[in-house]
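Here is the naming used below: chain letters follow the sequence lines, and residue numbers restart at 1 for every chain. Just so it is clear, the model here is predicted, and its values are computed rather than measured.
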Amino acid sequence: MPSVLLTGEALQGALAQQLAQFLANGISAGSVYAIVGVGFGISYSVCKYFQFTQAALIALGAYMAWSCFHLAGLPMIVALVVAIGFTGCVGAGLQYFFYNTLVSRHSSRLVILLASLGAYIVLQNLISLLFGDEFLTLAKRDASVPLIVSSARITSVQLLIFVTNLLVCCGGILLLKFTAYGRFCRAAADNGELAREYGVPVTQVHLGVSFVTSCVFAVAGILIGFDRGMGPTMGFDPLLMGVAAGIVGGIGNVLGTVSAALLMGLVEVFGVWRLPTQWQHGLVFAIVAVVVFLRPNGLFVKSSSIREL
Amino acid sequence: MIYILHIAILVAIYSILAMSLDVLVGHSGLLSLTQGAFFGIGAYASAQATVIYHLPFIMSLMVGMIAAWFFSVVLALFTARLKGDFYFIATFAFQLLISYAFVDLTRITGGPLGIVDIRPYAFFWMSAVSQLDFAVMAGLCAVIVALVIRRITAGPLGRALHCIREDDVISSGYGKNVFLLRLRAMAVSAVSAAIAGVLYAHYVTFIDPSSFTFSESVLVLAMVVIGGSGSVWGPVVGASTLILLPELLRFVGLSSSTASMLRQIMYGSALIGLMLWRSQGLIGKYDFRGDDRV
């Protein structure tokens with residue numbers, strides 16, 4: 001992270017240390033929102049409806065990783081791969097059996113929204129029933145060794161979060177821009193019916209998108225599990241912030257979403273510097289509200305391509 | 001007898017909540033998750049009016065309604081340009097913010113400990129309230145709210161709201177001020193929810209943030225959707241069903257946490273089932289299909 005280094009060199013003393021620490025915390029918080037926001041953005045722009053179950057998928061990924069690692073005793077890497085794959089399959093299954101059924105009944109967006117809220121409640125309570133409501137953590141040792149980068153303590157988890165964010169962001173852009181599959185996705189996102197007429201397998205595209213985005217949500221859940229620990233409702237706040245990042249950055253715009261998410265993470269952390277902690281979320285929502293009020297299509301979208309929210 | 005009266009009072013309070021949400025969901029086509037927040041705002045404002053300023057019940061009812069009205073106007077301003085699922089997400093964020101505020105603004109709300117011993121020195125004209133009195137008054141309040149909401153939704157405002165619900169662009173083309181009409185619908189809804197909150201605070205005489213969370217909002221939304229939206233009786237039927245069914249489950253004998261999870265799973269499954277096969281609910285009129293299809 002060059003910016004951290006720069007600030008460290010330019011400024012000295014306690015203030016610099018505090019600043020660097022805030023920067024590191026803000027970037028790692030924002031990176032989680034970015035990962036969720038990219039997943040939400042791709043899914044929403046292709047499928048055109050909001051899926052509340054994504055919050056449950058975040059929790060499911062973390063809990064699967066926890067049970068593979070702590071209960072089944074698999075090595076960490078295997079546990080993570082199994083958890084991510086499993087969550088992806090659950091997401092694709094939901095798409096195939098649940099959302100496709102709703103769409104085939106010509107449901108409106110509101111009907112799908114309510115049904116997905118119901119499905120979220122069912123999934124979240126199933127997780128509560130299976131694993132209990134108590135707070136769990138994925139990390140093996142509770143004290144991970146911090147790296148000292150120019151007087152800021154950066155935990156290895158924070159570094160991992162940042163690197164994963166970069167990977168997801170680049171992966172998303174590469175997938176959407178440079179593969180045939182990504183072309184199908186963009187076609188389906190632009191105009192599903194027209195794409196279907198031109199021979200794009202829209203139903204399969206939806207399935208594939210839900211598999212990939214579910215994997216992304218699982219990754220986000222696992223990272224949160226490492227960083228802050230997990231509970232059955234852990235998917236809630238990150239999904240909301242991810243959606244906010246998606247709205248601010250422009251839905252389906254990967255770079256915009258990531259920059260908005262990083263900005264929100266920084267605002268959240270720097271806000272606490274002067275304001276009491278409880279206004280952390282309030283400040284971010286206030287900024288999102290102002291942005292939505294002034295530019296409903298997001299900060300990084302050209303105003304010529306107006307879309308209805 | 002006390003138990004039956006207790007259930008009756010809960011049904012009355014939740015019927016008011018469900019009817020208040022139906023103004024938005026059924027008549028304006030705005031799915032909203034704010035009812036728990038406005039329920040809480042009414043409860044907290046009136047509780048403080050009673051506990052600190054020793055106002056009579058009528059006055060603290062007014063305080064609760066005014067507080068809810070104020071917050072609903074703020075929410076309406078910020079959500080003016082949203083509709084459909086994004087409006088829903090914005091109300092969801094509002095609910096979370098208000099929940100955080102209930103927990104964190106300890107000086108105003110008492111924090112996680114809540115406010116205890118909420119006793120008005122005069123309840124309407126009565127100085128001492130028995131449970132029967134309270135049940136009668138709660139029932140009366142529910143009837144009055146139902147009549148007022150019916151009067152509003154059957155009148156010109158209701159017709160204009162139905163018009164916006166079906167197509168907001170065409171309505172604004174016909175000269176309807178969509179923003180102002182939506183603001184009025186949200187204010188009516190919030191103020192009615194606050195009445196329920198005031199009744200609740202003065203009935204249980206103790207409030208804490210756990211009664212006004214996101215899941216409370218979901219419960220009220222489930223009541224409206226299950227009972228049926230766009231009608232007077234739908235929300236009442238939904239509220240009665242979702243209050244009475246869990247009470248029946250109580251006699252089966254499960255541990256309370258398992259029971260609450262099973263109850264939630266029940267609501268969730270009911271939502272899914274109704275959306276798949278009967279989206280207007282049990283006896284409702286509006287089936288959420290005015291919005292564009294996917």
Tell me the closest heavy-atom pair linking [X] and [Y], and the distance in Å.
X	Y	value
C185(A)	V209(A)	SG-CG2, 3.6 Å
I226(B)	L274(B)	CA-CD1, 3.4 Å
W69(B)	S72(B)	O-OG, 2.8 Å
G37(A)	T257(A)	C-CG2, 3.6 Å
I35(A)	A220(A)	CG2-CB, 4.0 Å
F212(B)	A43(B)	CZ-CB, 3.7 Å

Positions in residues 21-39 of chain B that reach chain A, provided some heavy atom is under 4.5 Å away: G29(B), L31(B)

Close contacts, residues 213-222 of chain B versus chain A, judged by heavy atoms under 4.5 Å: F214(B), V218(B), L221(B)

Toward chain A, the part of Y267(B) with a non-hydrogen atom under 4.5 Å: neither

Structural part of L96(B) lying under 4.5 Å from a heavy atom of chain A: side chain

Flag for S99(B)-Q95(B): side-chain donor and acceptor within less than 3.5 Å: yes

Polar side chain donor-acceptor pair, Y99(A) to S210(A), under 3.5 angstrom: no

Donor-acceptor contact below 3.5 Å, side chain K176(B) vs main chain G173(B): no

S189(B) side chain vs A185(B) backbone, donor-acceptor pair below 3.5 Å: no

Chain A interface, residue from L271(B), V225(B), I272(B), V103(B) that has the most non-hydrogen pairs under 4.5 Å: I272(B)

Residue [X] versus chain B: region with a heavy atom under 4.5 Å:
X	result
L113(A)	side chain
V243(A)	side chain
L126(A)	both

Distance flag, aromatic centroids of F92(B) and F52(A), threshold under 6.0 Å: yes

Ring-ring centroid check F86(B) F50(A), cutoff 6.0 Å: no

